[in-house]
Every structure is written in C-alpha cells, then in structure tokens.
There are 2 protein chains.
Amino acid sequence: MEIIYPTGSSCIEQLKHEEKDELFGSAQILDFKAGEVVIRKGSPVHDLYLLQTGTVELALDDTNSRQSLMLLFSGEIIGVNCAYSTMHYRFSARALSDCQVLIINYQLFTRLLESNPRFSMSFIQYISMVNENFLNWHMKLTERNSAGALAFLLSEFVKNYGQNTFEIPLTRSEMARVIGFSKESVLKNLADFRKQGIVESDGKKITILDYSRLQDISVYG
Amino acid sequence: MEIIYPTGSSCIEQLKHEEKDELFGSAQILDFKAGEVVIRKGSPVHDLYLLQTGTVELALDDTNSRQSLMLLFSGEIIGVNCAYSTMHYRFSARALSDCQVLIINYQLFTRLLESNPRFSMSFIQYISMVNENFLNWHMKLTERNSAGALAFLLSEFVKNYGQNTFEIPLTRSEMARVIGFSKESVLKNLADFRKQGIVESDGKKITILDYSRLQDISVYG
DNA sequence: TTAAACAGGTGTAAAATTACACCCCTCATC
DNA sequence: GATGAGGGGTGTAATTTTACACCTGTTTAA
C-alpha cells in the first residue's frame with residue numbers, strides 16, 4: 001500500500017529505514033463514513049491520525065452550531081497542534097466524505113522525535129508550517145466578504161482535488177458554517193457566480209468555469 | 001538582570017546551566033520606541049526576539065491598512081512560528097509602546113534544539129501552545145460582534161497587565177484594526193460601555209469598572 | 001502664531017449581512 | 001401513496017456594520 005506522507009514536509013524522510021518500518025509496521029488504516037466523528041473534542045491524544053483520503057472538518061464542538069475551524073485534506077495529520085501541547089484534542093474532527101485514516105502510534109512517534117534530532121527538527125518545521133497554513137486560512141476568511149469567502153472555499157477544493165469538476169462534500173449550510181456566513185449568503189453568491197458564468201452547479205456537483213475570475217473574487221471580494 | 005522566559009512554557013528550564021549561560025551570555029537587550037518596526041515582513045530570521053517589556057502588534061504588512069494578526073505581550077517570542085518554517089518572517093511586528101527585546105542567537109538556539117532532546121520536546125510543546133493561542137485569538141474575534149470583540153480586546157489588556165486601570169497603547173483606529181471593525185464601531189461601543197458603567201475612559205487611560213460584565217459581553221456579544 | 005494634522009467623538013445615511021417566509025424537489029418511512 | 005424531513009433556492013424585511021460628514025481639542029511643524 002502506498003502511504004501518503006504529511007503534505008509539504010520531508011520529516012518522514014528524515015527517518016532511517018528501520019525507524020520508518022517500525023513506525024508504519026504497527027500503523028493501521030481506519031475507515032470513516034461521511035458524517036462520522038473522527039476525533040472528539042476533549043479526548044486524550046493516543047495516536048496520530050494521518051488523513052489518507054477524504055475530507056475532514058475541524059470544529060470547536062460537534063454540535064454543528066458554530067463556525068468550523070478549517071477543512072483538512074489528504075496528507076494532513078488531524079489535530080497535530082494538540083498532540084504536543086495539552087495532549088488533549090481541543091476540537092472535534094468530522095468526516096465530510098468517506099475517509100481513510102492511517103493510525104500512527106503516538107508513543108513510538110514521540111520516542112523517534114526524542115532519539116532522532118534530524119527528525120525532530122524537521123517535525124518542528126512541519127508543525128510551524130501547519131500552523132502558518134491554519135492562520136492563513138483564517139486570515140483569508142476574515143478579510144473577505146461573503147462572495148470572497150465562498151470563492152476562497154471553492155478555490156481550496158480545486159487546489160486540493162486538482163480538478164475543476166468535483167462533488168463538494170458539504171451541504172450549502174455546511175459551506176456557510178465553514179466560511180462563517182449564513183446559508184442564504186452562500187446560496188445568493190453561488191447564484192451570482194452561476195449568472196456570471198464563473199461556476200456551474202447542480203446540487204453538490206460543481207464545475208469551475210473561470211478559475212482566474214474566482215481567484216480575483218477570492219482576493220478582492 | 002532578571003530575564004522573562006517564554007510565557008507558559010518550561011522549555012528554558014530544560015537547559016543545563018552551562019547551556020543556559022551560553023544562550024543568554026551572548027544575548028543582548030534592544031530597545032524600541034513606540035511606533036518603531038521591530039521585525040519587517042520578508043526579512044530572514046537571524047535571531048529570536050523574546051519580548052521583555054511592552055506590547056507589540058503583529059500584522060501582515062507594515063502599511064497599517066489591513067486587520068492586524070495579534071498583539072504580543074511580555075514573555076512571547078516574536079514570530080516564533082516563522083523561525084522554523086520559511087526562515088523568513090511572514091509578517092511585521094511593530095512596537096505599540098516602548099519595548100525591551102532580548103535578542104537570542106538563532107544558530108545557537110537551533111544547535112541546542114538539536115543536541116538536547118528534552119529541550120527540543122519542550123520547544124515543540126511551546127510552539128504548539130503558541131499556535132493554539134494564536135488560533136484562539138482569531139476564533140474569539142471572528143465569532144464576535146463589534147461589542148464582543150472590543151470587550152475581548154479590553155479583557156486581554158486586563159489579563160496581561162494584571163490591573164483594571166491602564167494606558168492602552170493604541171489609538172481608537174488602531175483598536176479597530178486589531179479587532180477588525182471600523183473606528184466608529186469602536187467609539188460607539190466604547191460610549192455604550194461608558195453609559196452602562198462598565199468602563200471609564202479618558203483618551204488612552206481606561207479603567208474597567210465591571211470586569212465580569214465585560215467578560216459576558218466578550219462571550220455573548 | 002498659525003495652520004495642518006491627528007485623535008476622540010457623534011449623528012445619519014448607505015451598504016452588507018442575516019433572518020424570515022416561503023417555494024420546489026427528492027427521498028425515506030409509515 | 002401519503003407525509004414529513006431535509007436540501008436547494010429566492011425575495012423581502014430587519015439588523016448590523018460601515019462610510020460620510022462634521023465637530024471638538026491637542027499637538028506639530030512651518
């Protein structure tokens with residue numbers, strides 16, 4: 001099986017062959033159905049969850065009430081920022097689509113961090129980058145109006161799926177929660193995008209017709 | 001001289017005496033006047049800046065145009081998240097009040113991280129916590145209306161200064177930029193708070209009369 | 001010493017966003 | 001096959017926030 005390593009980091013490559021074998025030899029794949037809770041807020045960190053396929057939503061609670069924190073795509077370690085701070089998850093993770101998650105032993109991972117300085121330095125680099133992305137996501141959304149925020153969200157799907165046509169694994173209400181606007185704002189902006197010929201949409205199936213225009217809206221509103 | 005170590009972290013305590021002496025023996029204090037740029041966006045990370053006294057504003061650019069990222073108080077390493085990701089500062093830091101900054105040698109710090117696993121594990125814990133605080137700041141602000149956001153900002157000053165009367169080192173426009181609302185919204189909410197007897201304010205001198213009420217507004221709007 | 005420039009402040013108009021009402025359609029379920 | 005829940009969709013009203021206009025007083029620089 002081909003394992004998808006953490007996106008944008010070479011930390012796993014810093015491990016010696018035997019270390020890598022040890023780490024992934026004990027790892028197992030868990031399957032989650034769309035809608036299932038992958039990580040519950042408040043639970044202790046027992047393992048690291050490396051997302052292989054699917055999309056996951058991070059949120060402050062599992063009640064779907066408040067704005068969600070971020071979306072995670074394949075190659076990301078779910079809640080990595082909590083693993084070495086409070087050792088308890090400070091937010092919940094819910095599968096938006098069917099997901100495969102690689103479960104990595106936390107104790108073993110920690111032991112490798114302690115014994116292999118090249119690995120730990122690369123891991124420091126990795127979590128620094130993850131958190132910059134996290135901050136970036138939030139800055140991008142708070143600076144934008146509803147049209148810009150929706151354009152940003154659609155762009156993220158294009159980037160992570162690598163194609164202009166995709167099934168968006170969120171309802172309109174969920175999209176609203178992710179970008180922090182109301183369901184109606186999402187629907188009206190989506191209608192605008194359709195009228196302007198920027199996107200085609202039929203329910204969850206979305207096609208981006210004019211990506212550069214979408215990028216413009218995502219930057220300038 | 002008494003050095004203020006990173007807030008909420010024991011990472012410096014993980015160093016042996018001779019390591020600590022080496023790290024701080026070469027360190028020097030730099031003074032910044034209110035308004036001065038401490039770190040310019042895009043510049044390479046040469047040293048670590050440990051804020052000793054004063055308040056610093058992190059922003060995406062130094063033009064004062066967009067919303068600022070966060071405020072830093074004493075005991076925080078300015079831009080620590082950039083030190084081990086891009087190795088270039090991704091945002092600017094400006095002194096809001098007169099500041100004293102302890103300049104720590106980056107190469108030396110990195111060498112200690114590589115040679116002392118206890119130190120590097122504790123540092124991983126530290127940057128994880130810093131980034132959680134960062135995220136927390138943003139969540140708190142984006143979830144709130146203008147009154148809640150202003151209440152949150154005032155609460156942060158109470159917490160970090162440890163007293164109910166203080167000189168806020170920001171103009172009303174700067175306060176607006178920090179919480180992401182307009183100058184008029186800040187002024188009107190501040191006027192409301194005065195009328196309700198929650199705060200007293202005379203220019204930059206602010207006294208919190210009803211802290212628990214302020215907390216309520218900061219949570220429920 | 002005089003005029004900008006800037007900070008604090010407030011009322012009102014304009015814009016954006018949300019909330020409400022209601023529509024259609026589909027898909028379970030009784 | 002009726003029913004009702006849930007999703008997508010849209011117009012309108014209410015609310016929130018911003019933008020504009022304008023006033024005061026203080027500081028700064030010509």
Sequence neighbours left out, what passes salt bridge (charged side-chain N to carboxylate O under 4.0 Å, His left out) with B/R172? Give chain and number order.
none

Round to a whole Å and report the spacing from [atom1] of [X] to [atom2] of [N].
| X | N | atom1 | atom2 | answer |
| --- | --- | --- | --- | --- |
| B/L187 | D/dT17 | CG | P | 15 Å |
| B/F193 | C/dG9 | CZ | P | 14 Å |
| B/N189 | D/dT16 | CG | P | 11 Å |
| A/F181 | D/dT15 | CZ | P | 20 Å |
| B/L190 | C/dG9 | CG | P | 6 Å |
| A/E174 | D/dG6 | CD | C1' | 12 Å |
| B/R194 | C/dT10 | CZ | C1' | 11 Å |
| A/K204 | C/dC25 | NZ | C1' | 14 Å |

Within residues 209-221 of chain A or reaching into it, pairs that qualify as salt bridge (Lys or Arg N to Asp or Glu O under 4.0 Å) - sequence neighbours excluded:
none

Summary of salt bridge (Lys or Arg N to Asp or Glu O under 4.0 Å) pairs that have at least one residue in residues 125-134 of chain B, sequence neighbours excluded
A/R90-B/E132

What are the two closest heavy atoms between B/R40 and B/Y89, and how far apart are they?
O-CB, 4.1 Å

Sorted by chain and residue number, the side chain to side chain donor-acceptor pair (under 3.5 Å) partners of A/Y161 (sequence neighbours excluded) come out as A/T55

A/T53: which residues meet the side chain to side chain donor-acceptor pair (under 3.5 Å) condition with it, sequence neighbours left out?
none

Please compare A/N145 and B/R172 by the position of their nearest nucleotide in DNA chain C and report the one closer to 5'.
B/R172

Return whichever of B/K183 or A/G180 has its heavy-atom-nearest nucleotide of DNA chain C closer to the 5' end.
B/K183

Could you tell me whether the phosphate oxygens of [N], OP1 or OP2, come under 4.0 Å of any side-chain nitrogen or oxygen in [X]?
| X | N | result |
| --- | --- | --- |
| B/K188 | D/dT16 | no |
| A/T171 | D/dG7 | no |
| A/R144 | C/dA16 | no |

Checking contacts here: which listed nucleotide (D/dG8, C/dT18, C/dG9) is nearest the side-chain heavy atoms of A/S182?
C/dT18

Pick base, sugar-phosphate or nothing for B/S185, based on heavy-atom distances below 4.0 Å to the nucleic acid.
base

Estimate the overall bend of the helix from C/dT1-D/dA30 to C/dC30-D/dG1 from the end axes over five pairs each, rounded to 10 degrees.
20°

In sequence, state the C-alpha distance, the side-chain angles, and the governing distance for A/K140 and A/E156, and then conclude on salt bridge (charged side-chain N to carboxylate O under 4.0 Å, His left out).
CA-CA 11 Å; A/K140 288 248 169 76; A/E156 283 298 307; 5.9 Å; no

